[in-house]
Every structure is written in C-alpha cells, then in structure tokens.
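Each chain gets a letter, A, B and so on, in the order the sequences are listed, and its residues count up from 1.
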Amino acid sequence: MNEITPAPTLVPEPAKRFSPSRYSGPLWLALPVLLLAITSAWLLSSDLFRSLERGAPPVERLTFERTVLDQDGIHLKVRAGGSEAMKIVQVQVDEAYWKFTQEPAGDLPRVASAWLHIPYPWVSGEAHEVKILTNLGTSFTHEIAVAVATPKPSLDELAPQALVGAFVGIVPVALGLMLYPVLRRLGRDGLSFLLALTVGLLAFLFVDTVEDALELAGEAAAVFQGHVMVIIAALMTFLVLLGIGRRHGLPTGLALATYIALGIGLHNLGEGLAIGAAFAAGAAGLGAFLVLGFTLHNITEGIGIAAPLLRARPPLMSFIGLALLAGAPAIAGMWLGSLAVSPHWAALALAVGAGAVLQVMVEVGAYLMRTGSSKAWILASPTVITGMACGIAVMYATGMLVKV
Amino acid sequence: MSSDWLRQRLTRRGLIVSGVSTAGLTATSVTLLAGTRANGDASYDAATPGAPPPHAGHATSSHEAHGNMISVGDVDGARNGFDPSAMLTDWDTGTVSQLPDGRTLRTFEIGAVDKEIEIVPGIVFPAWTYNGRVPGPSLRVTEDDRVRIVFRNGGSHPHSMHFHGIHSARMDGVPGAGVIAPGEEFVYEFDAKPFGCHLYHCHVLPLKRHIHKGMYGAFVIDPDPARHPEHAEVARSRLLGTPENKEWQEFVMVMNAFDTNFDGENEVYAVNTVGHHFAKHPITVVRSKPVRIYLINVIEFDPVNSLHLHANFFDYYDQGTTLTPTLKTVDTVMQCQAQRGILEFTFKEHETGLYMFHAHQSEFAELGWMGMFDVTDGVV
C-alpha cells in the first residue's frame with residue numbers, strides 16, 4: 001500500500017490559509033438557512049410548477065376522530081388532511097341535508113381539526129350515516145353503527161366501567177400472583193420454565209399490541225404517519241425503559257417484576273381502550289362470558305410477574321402494588337376509550353405499551369440466561385423452548401375466548 | 001372510508017354485537033352494564049324536559065317549516081349567472097321572422113359552455129351548460145313554426161342538441177347527425193310538432209355523463225288554436241301571449257340532480273338546479289289565477305322522479321300532447337327520465353299561506369327537491 005501514499009509535505013495545509021474567526025461558525029450556519037428562506041420565498045411567489053398542474057382539483061382528506069351523541073344531536077371531530085385548506089359546506093345525515101355548525105368556523109387548513117355539531121334527532125339503537133360535503137362536492141362518509149348516547153364522565157357511568165376494567169386487569173393479575181407460594185416450591189428447572197413461559201407470554205402480548213397499534217394508526221389522519229409513529233414510539237419506549245432499568249445494573253427480583261408489571265399494565269391499558277371504545281360506539285353489550293374470557297386470558301400475566309420474585313421474598317404490599325400497576329390501567333383504558341379518544345392517541349398509547357413489553361422480554365430473557373445452569377445455551381434448552389411455547393400457546397388458546 | 005375505527009376495534013375485539021346477537025346470548029351472558037346502558041338509552045328524542053329538541057321548530061317562515069333538515073346558507077345567484085326563480089318564467093321565444101310562405105321562423109342561438117355552478121350553498125359543480133345555465137334556455141314555440149337552432153360548441157367535449165319532437169334523422173343530434181366538436185357549429189332545423197311539453201338534451205356518448213353534467217332544457221310547443229277547433233279555448237289558454245294565456249300563472253320546472261362526487265349517486269336533487277331553492281324562496285302564486293306547470297324530469301341514476309302537491313289536486317297532461325287531461329284529480333305524478341307533462345290546478349278556494357310541493361321519494365325531497373307556493377291575494 002505504500003506506493004499510493006502521496007508525499008504529505010507537498011500538500012499545503014488548508015487550515016493555515018483559512019483561519020476561521022470566532023464569528024464564522026454562526027455565519028456558516030446562517031448561510032444555508034438564508035438560502036432556504038430565499039428558495040422558499042421564490043418557490044411560493046413564482047408559479048414555477050404551474051406546468052405540472054393538470055387542472056386536477058386539490059386532494060381532499062377528512063378523518064373522523066371522535067363521535068359524540070347526546071341530547072343536542074350528533075357531534076363529530078374531524079381532521080383535514082388535504083393538499084390545501086378544505087371547506088366543509090354541507091352535511092347530510094341519512095341522505096338528508098341538515099343544518100350544522102362548525103367549531104371553529106371557516107376553512108379547515110391541513111392537519112387542523114374542528115367539531116361539527118349537527119342537531120339531528122338520532123334514534124337509539126339504530127344506525128346512522130353522516131356525509132360531509134366540501135365545496136368541491138367531495139363527500140366523506142362516517143357510519144355510526146349503533147347509536148347510543150356517549151357516556152359522560154359521571155360516577156354513574158364510570159363506576160360500572162371501572163368494575164369491568166377491574167375484572168379485565170386487576171383480578172386476573174392478582175389471581176396469577178396468588179400462585180406465588182406454589183411457584184416458590186419449584187426447582188431450578190421449574191424456575192427456568194416459568195421465566196421462559198413469561199417470555200412467551202410477553203412475545204404474544206408484543207405481537208398483539210403492535211398489531212392493534214398499527215391497525216389504529218391506519219385509522220388516524222395521514223399527516224400523523226401512524227405506522228412510522230407506532231414503530232418509533234415503541235422503539236423509543238424500549239430504549240428509555242432499558243436505560244432506566246439498567247441504571248443500577250441488570251434488573252432482577254422486585255425491580256424486574258415491576259418492569260414486567262409496567263409493560264403488562266400498558267398492554268392492559270390498550271385492552272381497556274378497546275373495550276371502552278366498543279362500549280362508546282354502542283355496538284357492544286358486554287357479556288359476562290367475555291369479561292370472564294379476558295380474566296382467564298390475563299391470569300398468565302400474573303404468573304409472569306411472579307416469576308422473577310421466586311428467589312426474593314417481597315412483602316405483601318409489593319404484590320398488591322404489582323397487581324394494581326399491571327391491572328389498574330385497564331380501568332383507565334375503559335374510561336378513555338368510552339370517552340371516544342382519537343385514534344392517533346390510542347395508537348400512541350399502544351405503541352408505548354409495545355415498547356415496554358419488548359423491554360421486559362429482553363430483561364426477562366437476560367435474567368433467564370443468568371439463572372440458568374449452562375448459560376450460553378440455556379435459551380435453546382428443552383425446558384426453555386417448552387416454556388416459551390407454552391406461554392404463547394396458553395395466551396393464544398385463552399385469546400380465543402375473547403375473539404368472537 | 002376507514003372512518004369508524006371504534007366499530008372495527010369492536011368486531012376485532014369480538015365483543016358481543018348488540019341487537020339480535022345479544023338477545024341470542026342472554027342465556028349465557030349477563031349484561032354487566034345494564035344500569036349504564038339504560039342511562040345511555042336516554043337518546044336524543046327523550047331529551048330532558050324543558051329543553052326543546054332541535055327539530056321542534058315552529059314554522060314561522062317558509063324554510064323554518066323544515067326545521068333543521070335543510071342545507072345551510074343560500075346560493076349566490078349572481079355568481080351562477082342564473083336564478084332558479086327567474087327560470088320559472090323566462091321563456092326564450094327566439095328571433096321571429098316570416099318565411100316566404102308566410103309561416104313563422106324562430107331562430108335560436110345556443111352555445112355549449114363549460115361552467116362551474118353552485119348547486120346547493122357552497123358546493124360547486126363542474127357543469128356542461130347550454131348558454132351558461134342549467135337547465136338550458138326554455139325554448140317556446142308554436143305548433144308548426146319553423147325552428148332554426150344555431151348551435152355552437154364552446155365547451156371542451158363534443159356536444160349536440162337532441163330534441164324530443166318530430167324531425168328528420170339528419171337533425172336528431174346523435175353521433176353522425178349533428179354532434180359537433182369543440183369550436184364547431186351546426187344548425188338544427190325542423191317544424192315544431194307535435195304540440196306539447198318537451199325537452200332537449202345533449203346526445204353525445206356517454207349519454208349519462210352528458211346529461212347529468214347539465215345539458216338539457218325545456219322545449220315547449222304551444223298548440224295552434226286554429227288546428228284544434230274542438231278545444232280552441234284550451235289551446236288558446238296554452239298559447240303564450242294570448243289574453244286567455246295571461247290569465248294563467250305558468251312555471252317551468254325541470255327536475256334535475258347532481259352527482260357531486262361522481263359515485264353514480266346524486267348528492268343534490270332540485271327543481272331548476274339549486275337544491276332547496278324554492279324552500280328558501282317560495283314561488284308567489286295569486287290565489288285567483290290558475291297555475292300551469294311544465295314539469296320535466298331529467299335526473300340520472302334514479303329510475304323515477306315525482307311531484308307531490310300539498311293540500312290540493314291537479315289535472316295532468318302526460319307529455320302535454322293532448323288538450324284534455326290524461327290524469328284527472330291527482331296530487332302526485334311520477335315521471336321516468338325524459339318524461340314530462342303539464343299540471344293544472346288552482347288555489348282559488350284555499351286559504352292564503354305556504355303550500356309545499358316536493359318529490360314523494362322522501363330521499364329526493366330531503367336532498368333538496370322541495371319547495372313552497374306562497375299563495376297570496378296580491379297582484380303579481
């Protein structure tokens with residue numbers, strides 16, 4: 001390689017001829033910014049791209065984010081996503097023009113949202129179709145599958161929902177944790193199996209949560225770039241929680257159990273959102289059978305949280321705290337969901353949950369490797385493989401109870 | 001439209017869908033939220049006492065009769081360049097001259113123009129028009145007049161004028177006989193017959209698009225009383241400009257509709273183009289004078305249209321080609337596309353006030369095809 005090395009002495013040192021003063025730094029930053037400003041002004045003021053236009057009308061998009069039905073009629077939160085500001089000029093409900101007010105009034109710029117208030121005498125238990133018309137005659141249709149009054153945040157409404165949330169979240173986790181004394185009697189292989197089961201369970205939850213988040217993201221306005229947002233939010237959550245969890249070394253025992261409970265709690269928040277949203281949409285009569293299904297489905301989560309505690313002996317209060325951390329978010333989810341939260345927020349919440357679940361998967365996996373006998377190959381040992389498979393299989397099988 | 005994410009979440013999450021399935025599962029399921037749902041059933045129409053529901057409006061003016069079920073705002077007639085109310089009566093009788101044999105020659109000049117028109121407040125429709133208006137000019141001639149129509153195509157597509165009437169194949173306005181490209185000119189010429197309430201429209205293919213984009217208009221041939229001695233009185237009352245005719249209040253109503261999002265379904269139904277126009281601007285009718293309506297249906301995508309008159313009955317002359325009614329004492333008449341006819345009725349014995357008329361396809365009425373007669377004692 002020597003033959004291609006140039007003689008360094010022949011090259012003048014550029015740094016010597018160009019000696020930056022201490023103002024040149026900001027100056028070099030200002031130059032591209034200034035050029036960008038000039039370019040933008042020129043592009044916007046000149047009609048440079050006129051030749052590219054083919055007389056096509058602007059693209060119009062409208063996303064329906066929230067639906068509220070009350071004694072004043074139908075209220076819709078819509079978000080514009082077109083290439084230009086949109087004008088909503090008429091509203092039809094069930095193929096009839098209806099008066100409406102828009103709040104705030106006026107053109108709807110890109111990304112902006114507005115409420116449409118329609119004094120329509122909707123009929124409880126029946127379906128309605130709202131059609132929004134723009135000045136271009138484009139229409140956007142929103143179906144209200146079953147009209148029921150939107151729950152208001154009052155004690156009468158929230159208490160029964162909290163009860164459902166408790167059955168979906170807190171009860172199963174608590175039941176799972178109650179197996180703790182039995183689980184403590186397991187030997188080393190038993191513990192490995194249990195931890196592997198937890199990883200399997202978490203893997204199921206991760207896939208489930210990501211799928212839900214992506215689906216919701218698809219329903220959100222295009223400007224939010226829902227799918228990218230979900231992946232970024234999940235990865236950020238994963239990294240942040242991983243960093244926090246490892247501040248004082250690898251998490252074990254109660255700390256690890258707490259992270260598992262947090263991840264599962266965020267997942268249960270998403271589950272609560274879905275049930276609450278279904279309740280708000282009016283299309284659901286929540287059967288005890290289904291609530292029981294969710295309870296069975298989530299018992300495994302309690303076992304997973306208990307697994308890292310088997311070598312510690314935490315106080316009873318810790319178990320209560322863990323059960324609440326993992327289960328109570330289902331109640332919050334029920335409430336939020338029933339108040340018809342916008343899909344992009346729901347997607348974001350689920351993405352954060354997916355990131356948290358991924359973090360605990362990694363940490364439980366790491367813990368499993370440390371506790372195992374043959375460290376390098378423990379992840380491929382029959383006990384662990386069987387445990388993971390069991391975890392996924394149990395979740396999948398009990399999942400059937402809640403899919404109709 | 002992926003709009004109802006809540007509902008999709010629901011089906012995916014597999015919660016029991018309400019209604020039949022809930023009822024079917026009651027044996028195995030208890031409705032945990034029964035109390036909440038009962039509260040939730042307090043629907044709109046069961047509003048709290050004292051708070052009047054939005055639809056309980058007292059009719060104090062013409063369109064308040066429709067409560068909240070109406071389009072918001074009003075159409076800018078100046079911008080459109082035409083007014084549906086004025087169109088009721090603005091007959092175009094052409095430029096009149098005498099032929100060497102003594103017959104009357106009526107010459108019309110009509111141009112096809114692309115034009116954006118406002119068809120319900122705020123919604124602009126990219127129309128194809130005759131003379132910049134939809135419906136096109138209401139042509140009115142007398143039986144056996146010679147009719148000459150100088151048609152110029154100033155639009156962006158080929159167009160024609162196809163008259164419902166008797167004429168030669170060369171004058172039919174179909175491909176090969178009077179369809180002209182943009183920038184071209186064609187002269188249609190024929191004798192006006194038979195008398196009646198007719199129409200013209202563009203016959204370029206695809207026909208559906210050329211018609212629903214706005215290329216149609218009324219073409220009325222008045223009967224010549226001299227040719228109908230057995231009904232000379234009736235014929236005179238139909239002949240525009242006679243003293244007998246002046247005793248009538250004549251209106252031309254073209255029932256049309258617009259598919260603003262091009263999905264094959266109409267978003268706006270109307271008479272003379274603007275939805276709800278006559279609900280917001282009732283047609284003034286003097287009680288003492290009889291009313292004659294030239295009613296023409298041109299809507300696309302729906303098989304029939306209709307007119308129902310409130311609190312009154314009328315005689316109907318299908319296609320207007322007879323001097324005795326083809327239907328007597330009816331209050332609703334149905335027309336397929338291009339069907340048309342003449343309605344005759346009077347409010348002589350009625351109280352003054354607002355009398356509604358509308359399509360009795362409720363959907364059409366609620367999408368704009370409704371209006372009011374304001375029956376008065378005054379002089380028009």
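At a 4.5 Å heavy-atom cutoff, B:Glu118 makes no contact with chain A through either its backbone or its side chain. Contacts of A:Gln92 with chain B are made by side-chain atoms alone, with heavy-atom separations under 4.5 Å and no backbone atom involved.
Side-chain contact check for A:Phe140 versus A:Met86: some heavy-atom pair is nearer than 4.5 Å.
Aromatic ring centres of A:His128 and A:Tyr120: separated by under 6.0 Å. In this structure, B:His276 has its ring center closer than 6.0 angstrom to the ring center of A:Tyr97.
Between chain B and the options A:Leu69, A:Leu136, A:Val89, the largest number of non-hydrogen pairs under 4.5 Å is found for A:Val89.
Checking B:Glu300 against B:Asn256 by side-chain atom types alone, no donor-acceptor pair falls below 3.5 Å.
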